[in-house]
Enquirer: 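The structure is given below, and queries will be raised subsequently.
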Amino acid sequence: MSEPVFITSRENTLLKELRKLSTDNTAYRKAGRYWVEGDHLCSAALQRGLQPAVLVVSESFWPSAPVEYARAATKTIVIPDALFRELSGLESPAKVGFVLDLPLDTALQPGAATVILDRVQDAGNVGSILRSAGAFGFRQVLALKGTAALWAPKVLRAGMGAHFGLQLVEGLELSDLDALAVPLVVTSSHQGDLLQKLDLPHPCAWAMGHEGQGVSAELMARARVYARIGQPGGEESLNVAAAAAICLHASSLKLAPN
């Protein structure tokens with residue numbers, strides 16, 4: 001169990017790094033580690049067997065902090081509540097957070113059930129899609145260049161812990177998808193059968209596209225299966241995260257029951 005270090009200076013080197021990790025969407029790439037806050041994400045990380053590099057708690061929370069947090073962390077720091085608020089991306093700061101090392105294994109898994117993100121730019125959409133991927137048995141998410149940074153603070157909050165159970169690979173070129181050994185499935189508003197009528201392959205790779213432009217023509221051309229989502233209500237289109245949930249759930253019906 002790590003002994004706590006009490007830090008009160010805003011100019012402390014570690015606190016400067018933490019502020020950058022908590023506010024800069026791509027700082028994790030250079031640092032090799034990322035920031036999560038709140039009991040839910042911290043507990044989810046521990047449940048997946050992750051070991052925090054640093055546990056950060058506010059002074060007011062420290063006396064009641066779960067002992068398993070300190071046991072798991074390599075280092076524990078306690079800071080004034082005012083300084084913790086500077087780290088928090090929440091309206092009501094959670095008062096506890098972890099710094100976690102980025103996964104070392106980021107190799108593409110050719111045969112895995114996969115979700116491909118093609119320039120999906122909204123952090124909330126990306127996090128929601130990661131949650132759906134985890135819920136419906138898709139263990140790999142591949143992000144093409146132009147997609148929101150997968151380990152950015154807002155994406156992590158929206159993912160609600162889904163990150164910890166997924167193989168995430170980002171910054172990919174279209175040609176990197178040549179390594180996939182599973183058929184590519186895309187949604188289209190002008191071709192393909194209704195989703196409920198399709199015999200969907202499993203495992204497969206579902207491609208989810210840019211909020212405004214959809215899946216690129218180049219990626220569309222690679223598809224083995226085209227699917228349409230029926231919209232009897234007459235709306236023009238579905239939000240990409242909602243479309244992903246529908247599609248991944250349809251694919252999950254191919255999985256054997258637990």
Side-chain angles (χ1 to χ4, degrees), residues 2 7 10-58 69 72-77 79 83-90 93-109 115-131 133-134 139-173 176 241:
S2 59
I7 296 175
R10 189 177 185 278
E11 301 306 311
N12 177 273
T13 301
L14 178 56
L15 278 185
K16 287 182 177 180
E17 179 188 356
L18 289 176
R19 280 196 294 273
K20 194 168 184 64
L21 286 176
S22 66
T23 58
D24 185 328
N25 285 338
T26 60
Y28 67 86
R29 292 173 179 165
K30 183 176 180 180
R33 51 191 194 170
Y34 59 97
W35 164 254
V36 299
E37 64 176 298
D39 274 324
H40 179 86
L41 285 178
C42 290
S43 295
L46 294 187
Q47 287 169 9
R48 289 287 182 176
L50 300 183
Q51 181 177 20
V54 186
L55 163 65
V56 185
V57 295
S58 68
Y69 287 3
T74 302
K75 183 175 185 177
T76 297
I77 68 169
I79 61 177
L83 291 183
F84 198 99
R85 283 194 291 272
E86 295 182 9
L87 303 178
S88 178
L90 303 174
K95 299 185 178 182
V96 61
F98 284 162
V99 177
L100 294 156
D101 293 325
L102 284 173
L104 295 176
D105 179 13
T106 58
L108 186 152
Q109 298 175 354
V115 177
I116 299 167
L117 302 179
D118 178 18
R119 300 161 297 128
V120 180
Q121 297 181 339
D122 180 79
N125 284 337
V126 172
S128 180
I129 293 171
L130 295 186
R131 291 180 70 182
R139 296 305 176 198
Q140 176 168 254
V141 177
L142 307 179
L144 298 179
K145 286 185 176 179
T147 297
L150 296 187
W151 298 93
K154 287 183 179 179
V155 177
L156 281 156
R157 289 196 294 273
M160 294 292 286
H163 287 71
F164 308 138
L166 297 170
Q167 177 77 354
L168 303 178
V169 189
E170 62 179 353
L172 297 176
E173 301 284 357
D176 292 320

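Computed from a predicted structure; not experimentally measured.
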Enquirer: Distance from L18 atom CG to E86 atom CD, nearest 0.5 Å?
Expert: 11.5 Å
Enquirer: Per the side-chain contact (heavy atoms from CB on, under 4.5 Å) rule, which among V99, L14, L55 passes with K75?
Expert: L14
Enquirer: Just so I know, are the side chains of P52 and D101 near enough to count as touching, which here means a heavy-atom distance under 4.5 Å?
Expert: no
Enquirer: CD1 of I77 to CG of N12: how many Å apart, nearest 0.5 Å?
Expert: 7.0 Å
Enquirer: Stepwise, does the side chain to side chain donor-acceptor pair (under 3.5 Å) test hold for T76 with Y69?
Expert: CA-CA 9 Å; T76 297; Y69 287 3; over 6 Å; no
Enquirer: Please enumerate all residues that pass side-chain contact (heavy atoms from CB on, under 4.5 Å) together with S22, with sequence neighbours excluded.
Expert: W35, L87
Enquirer: With rounding to the nearest 0.5 angstrom, report the OG1 to NZ distance, T26 to K20.
Expert: 7.5 Å
Enquirer: Can K95 and E37 be counted as an ion pair, charged N to O under 4.0 angstrom?
Expert: no
Enquirer: Measuring from L102:CG to R33:CZ, what's the distance to the nearest 0.5 Å?
Expert: 10.5 Å
Enquirer: Can you name the nearest heavy-atom pair linking A241 to I129, along with the distance?
Expert: CA-CG1, 3.9 Å
Enquirer: State whether the side chain of D176 and the backbone N or O of E173 hold a donor-acceptor pair below 3.5 Å, judged by distance alone.
Expert: yes
Enquirer: State the CG-CZ distance between L15 and F84, to the nearest 0.5 angstrom.
Expert: 10.5 Å
Enquirer: Hey, are E17 and K30 close enough for a salt bridge, meaning a charged N less than 4.0 Å from a carboxylate O?
Expert: no
Enquirer: Does R10 form a side-chain contact (heavy atoms from CB on, under 4.5 Å) with L83? I'd like the steps, not just the answer.
Expert: CA-CA 7 Å; R10 189 177 185 278; L83 291 183; 3.9 Å; yes
Enquirer: Please list every donor-acceptor pair under 3.5 Å in which a side-chain atom of residues 115-125 meets a protein atom from a residue at least two apart or in another chain.
Expert:
from, atom 1, to, atom 2, distance (Å)
D118, OD2, S216, N, 2.8
R119, NH1, Q213, OE1, 2.7
R119, NH2, G214, O, 3.0
D122, OD2, G124, N, 3.0
D122, OD2, N125, N, 2.9
N125, OD1, N239, ND2, 3.1
N125, ND2, E211, OE2, 3.1

Enquirer: Show your reasoning for whether side-chain contact (heavy atoms from CB on, under 4.5 Å) applies to L90 and R157.
Expert: CA-CA 9 Å; L90 303 174; R157 289 196 294 273; 3.5 Å; yes
Enquirer: Which atoms form the tightest heavy-atom contact between A94 and S88, and what is the distance?
Expert: N-OG, 4.3 Å
Enquirer: How close do A72 and L46 get, heavy atom to heavy atom, and via which atoms?
Expert: CB-CD2, 3.6 Å
Enquirer: Could you list the donor-acceptor pairs under 3.5 angstrom formed by side chains in residues 159-169, with sequence neighbours left out?
Expert:
from, atom 1, to, atom 2, distance (Å)
H163, NE2, L150, O, 2.7
Q167, NE2, D105, O, 3.2
Q167, NE2, A107, O, 2.9

Enquirer: Is the closest side-chain heavy-atom distance between S58 and V96 below 4.5 Å?
Expert: no
Enquirer: Once you round to the nearest 0.5 Å, how far does OH of Y28 lie from CH2 of W151?
Expert: 9.0 Å
Enquirer: Using side-chain contact (heavy atoms from CB on, under 4.5 Å), reason through V56 and I79 one step at a time and then give a plain yes or no.
Expert: CA-CA 7 Å; V56 185; I79 61 177; 3.9 Å; yes
Enquirer: Grab the two heavy atoms, one from A149 and one from V155, that are nearest each other, plus how far apart they are.
Expert: O-CG2, 3.4 Å
